[in-house]
Every structure is written in structure tokens, then in C-alpha cells.
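Bear in mind that the values here come from a model prediction, so they are computed numbers and not experimental data.
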Amino acid sequence: MAAGVAMAADTIIGVSIPAATHGWAGGMNFHAKEAIDRLEATYPELDFVLATASDPAKQVNDIEDMMATRNIDALVVLPFESEPLTAPVKRVKDSGAWVTVIDRGLSEEGIEDLYVAGDNPGFGYTSGMFFKEMMPDGGKIVVLRGIPTTIDNERVEGFQAAIEGSGIEILGMEHGNWNRDDAFTVMQDFLSKYPEIDAVWASDDDMAIGVLGAMKEADRMDEMWVLGGAGMKEMIKRVADGDATIKANVTYPPSMSATAIEMTALNFVSNAPVSGKFVIGSVLITKENAEKFYYPDSPF
């Protein structure tokens, strides 16, 4: 009887992710909520607490609150930024809870039980190889980076490795923070600094939207093409339609939030081993295969 009571006790899984401050994060939130609803319906013994944060300080508070008031058995976290979230997540781990980290790694290795992410070096490398293919004689480009995180570093390093020795010159590289407005401002600065730009690696579809806005305002749409990434449906549609400015895209699915939550749940409801790293590959999307990646009903 005692064993039966123990089995009936809820396992509480905290989920802490950034708020839907841009399209990819909106998609991630959508898939996280969908996974939680499905898992709670399937496994009555699981209880989830979801918190979204629009800055690192709020996320730290959310996690500390989960520990203090809910005594969570597991934490699934996508760090808003790597550095400020490392110590709070380590405290969760030290409490004996399971920790799953999504996407943006912590600044200290070995804390999490499970790491779920896209292939960030591959994302950058695939992007760089496309530039190399499109610019066989070299050329001048500008680069927009994301938020300062381990994954941003991995993407940029992968991109630089791919274009090494190609004759492609990076005129400037600035952080657009995966944000349309920030990217618009950065691109305005690039356009005023550099009279000749052949292409832009925006490295993210939200930033690509901001870049395109700055190009349009400066009346320089015909001078350069733009590669974003992550598979925003608007961008995939443009690739499918043969848009000369948006020639391709690179996958980085926001539904990885659901993957991480599902795998964390499995740790508590099955004997399947789920610790380690789960990496979701990055695929180049071109006009030839764009239809396969176009989801018109998706929030992103």
C-alpha cells in the first residue's frame, strides 16, 4: 500500500523559458505549452509549472521561486543568457533535482543531466557553405550575431570555418540580439558605413526581417541578398517563391522545447535512459525542398 501511495505522488517539473520576445521564442512557447498539456493529460502523476521571462533577472527569480514554493523534482530551462543563469541552475542541480538545458548552454559544463539543442556549429557551417557556394569569387558581407551566448559563439565559429580561404570578407559583425528592432538599428549602421555590401548573414529570421527593413528604407534592396535561419514560415514562403533576396534558409526548430520536455518526462515515467546530449541537425532549405518545411498554421 505504501508503494502505491508513493507511485501516486506528483512529480513536479518546472519549465523556465524566455518569453515570446521574438518569433522563434513564440514558436518555442507554443510547442512547450502543447507538450505540457499533452503530458499532463497522459500522465496524471506529472505536474508542470511553466514560467516565462523577458530578462535574465526575472528568469533567476522564477527558478528560485519554483524551488522555494513548489520543491521541483526537475527543471527544464532555456537560459535567457548563459552566464547569469549558471549559478541558479546549479543550485537546482545541487538540490537533487534533474536538470535539462535547452539550446543556450550554461557557462559551466557538466551541470545538466540532459542537453537538447539544435546543431549550432552545423547551423553556422551550413550557412557559411551556402555563402561559399553563392559567392565563388568572394565578396563583401556583414554579419549579425545573436545574444551573447555559447550557441552564438558556436554558430559564428562554424560560419567562419566554412568561409575560410574563400575570399569572402566580413566587413563588420555586431550583435542584433535575435531581435528585429536591434537588427534594424545594426543594419542601418552597416549601410551607412559600407557603400558596398554583397550579402548579409543575419543568422536568424527575426533579425533578417529587421535587416530587410533597413535595406528597404535605405533603398538598397537590389544590392545584396540575406540569409536568416530557423525556418520562419514567411521566409520559407519567400524561398519557395524564388525571391532573389531570400535565396535559402537553415533549420533550427523551435519545437525543440517540446523535445526537451518530453524527454524529461520520460525520465520519470519510464525506464528509458535519457541523459546526455540530443542534437537536432540543421538542414539547408532551398527552393527545391522548401515545401517540406512550410507550415502555414505554425505561429512562427
Side-chain angles (χ1 to χ4, degrees), residues 13-37 48-67 70 72 74-92 99-108 111-112 114-118 120 123 144-155 175-183 186 202-210 228-232 251-264 278 280 298-300:
I13 299 174
V15 179
S16 171
I17 55 179
T21 52
H22 62 286
W24 191 90
M28 179 194 59
N29 274 258
F30 171 84
H31 290 291
K33 288 170 185 169
E34 195 178 57
I36 287 169
D37 289 346
F48 288 85
V49 50
L50 172 65
T52 62
S54 52
D55 59 66
K58 167 74 161 57
Q59 190 172 31
V60 170
N61 289 339
D62 288 343
I63 291 169
E64 289 175 345
D65 186 58
M66 286 179 191
M67 288 183 70
R70 300 299 303 272
I72 54 174
L75 173 68
V76 180
V77 58
L78 195 159
F80 200 97
E81 291 179 10
S82 302
E83 187 65 40
L85 270 298
T86 297
V89 174
K90 190 173 185 181
R91 285 194 288 274
V92 175
V99 171
T100 296
V101 173
I102 312 171
D103 189 45
R104 300 172 198 171
L106 300 169
S107 55
E108 182 182 325
I111 294 172
E112 68 273 8
L114 173 64
Y115 179 61
V116 175
N120 287 289
F123 180 93
L144 284 86
R145 304 187 61 153
I147 290 171
T149 49
T150 55
I151 69 165
D152 182 63
N153 295 339
E154 290 173 354
R155 290 179 178 192
H175 288 280
N177 303 315
W178 295 315
N179 179 279
R180 295 183 190 198
D181 294 337
D182 291 354
V186 169
S203 74
D204 170 82
D205 286 335
D206 275 292
M207 291 200 294
I209 297 286
M232 180 188 290
T251 62
Y252 199 81
S255 54
M256 66 178 68
S257 58
T259 305
I261 293 167
E262 295 264 8
M263 291 179 75
T264 302
F278 188 81
I280 301 160
S298 165
F300 174 68

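- Within the 3.5 Å criterion, the main-chain N or O of Glu154 finds no donor-acceptor partner in the side chain of Asn120.
- Residues Val116 and Met263 have side chains in contact (heavy-atom distance under 4.5 Å, counting atoms from C-beta outward).
- Note that OG1 of Thr259 is 8.5 Å distant from CD1 of Ile102, once rounded to the nearest 0.5 Å.
- Side chain of Asp205 to main chain of Gly229: a donor-acceptor pair is present (N/O by atom type, distance under 3.5 Å, no hydrogens or angles).
- Here the CG atom belonging to Asp55 is positioned 8.5 Å from the CG atom belonging to Asn61, to the nearest 0.5 angstrom.
- Using a 4.5 Å heavy-atom threshold, the side chains of Gln59 and Glu81 count as separate.
- Put simply, the side chain of Ile17 does not reach to within 4.5 Å of the side chain of Val76, judged on heavy atoms.
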Next on the checklist: Quick one, Asp152 with His175, criterion side-chain contact (heavy atoms from CB on, under 4.5 Å). Give me CA distance, side-chain angles, the key distance, then yes/no.
Outcome noted: CA-CA 10 Å; Asp152 182 63; His175 288 280; 3.5 Å; yes
Item to check | Stepwise side-chain contact (heavy atoms from CB on, under 4.5 Å) test for Leu144 and Asp204 | outcome: CA-CA 9 Å; Leu144 284 86; Asp204 170 82; over 6 Å; no
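- In this structure a side-chain-to-backbone donor-acceptor pair under 3.5 Å is missing from Ser255 to Pro253.
- Residue Ala230 comes nearest to Pro254 through the heavy atom pair O-CD, 4.4 Å, listed as atom of the first residue, atom of the second, then distance.
- Between Phe300 and Asn29 the shortest side-chain heavy-atom distance does not fall below 4.5 Å.
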Next on the checklist: Does Ser16 form a side-chain contact (heavy atoms from CB on, under 4.5 Å) with Leu75? I'd like the steps, not just the answer.
Outcome noted: CA-CA 7 Å; Ser16 171; Leu75 173 68; 4.2 Å; yes
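- In this structure a side-chain-to-backbone donor-acceptor pair under 3.5 Å is present from Arg104 to Phe80.
- Using cut-offs of 30° and 60° for the angle between ring planes, the Tyr252 and Trp24 rings count as tilted.
- Taking OG1 of Thr52 as the start and CG of Asp62 as the end, the distance is 7.5 Å to the nearest 0.5 Å.
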Next on the checklist: Evaluate Met28 against Leu78 for side-chain contact (heavy atoms from CB on, under 4.5 Å), listing each step before the verdict.
Outcome noted: CA-CA 10 Å; Met28 179 194 59; Leu78 195 159; 3.1 Å; yes
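- In terms of heavy-atom proximity, Gly228 sits nearest to Ala208 at CA-CB, 4.1 Å.
- The line from CG of Asp206 to CG of Asn177 is 12.0 Å long, rounded to the nearest 0.5 Å.
- Minimum heavy-atom separation, Gly176 to Asp182: O-CB, 3.2 Å.
- Rounded to the nearest 0.5 angstrom, Ile36 CD1 and Ile13 CD1 are separated by 9.0 Å.
- Only one option out of Thr150, Thr149, Val101, Val77 pairs with Leu106 in a side chain to side chain contact (heavy atoms under 4.5 Å, CB included); it is Val101.
- For Thr264 against Ala74, the heavy-atom pair with the smallest separation is CG2-CB, 4.0 Å.
- Ile151 contributes atom CD1, which lies 9.0 Å from atom CZ of Phe123 (distance to the nearest 0.5 angstrom).
- For the residue pair Glu108 and Thr86, no side-chain donor N or O sits within less than 3.5 Å of a side-chain acceptor on the partner.
- Other residues, nucleotides and ligands contribute more than 12 heavy atoms inside 6.0 Å of the NZ atom of Lys58.
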